[in-house]
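When reading the values below, keep in mind they use all heavy atoms of this one structure, side chains included, and skip hydrogens, waters and symmetry mates.
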Amino acid sequence: MVGLIHDGRSPEVRARLLHGIADAWCAVTGDAKSDGAIFLHEVPRANVLEDGEILPEAADDPVAAHA
């Protein structure tokens, strides 16, 4: 399974995302976490449009430091 996220997420947030996706998948399928693989692909923020705006670089976005 592959998850797409914009770059600039902390290691802790990426870990929560990975475990959250795995937990949801396991709850739906009954599979064990060890039965699959999950990858996060980080997309450069300049390539992301959210709410009609291209995202600023993580270093220029005070919200990104907490995301």
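When all heavy atoms of Asp7 and Pro44 are compared, the pair lying nearest together is OD2-CA, 3.7 Å. Nearest approach of Cys26 to Ala32, heavy atoms of both residues: SG-C, 3.7 Å.
Ile38 places none of its side-chain heavy atoms less than 4.5 Å from the side chain of Lys33. No side-chain heavy atom of Phe39 sits less than 4.5 Å from a side-chain heavy atom of Met1.
Through direct or relayed side-chain contacts under 4.5 Å between Ile, Leu, Val, Met, Phe, Trp and Tyr, Ile54 connects to Leu49.
Counting only distance, with no hydrogens or angles, the side chain of Arg45 and the backbone of Pro56 share a donor-acceptor pair below 3.5 Å. No donor-acceptor distance shorter than 3.5 angstrom exists from the side chain of Arg14 to the backbone of Leu40, with no hydrogens or angles considered.
Taking the side-chain hydrogen bond (donor to acceptor under 3.5 Å, both in side chains) definition, one finds that Ser34 meets it with nothing, sequence neighbours left out.
Following chains of ILVMFWY side-chain contacts shorter than 4.5 Å, one cannot reach Ile5 starting from Val48, and the two form parts of different hydrophobic clusters.
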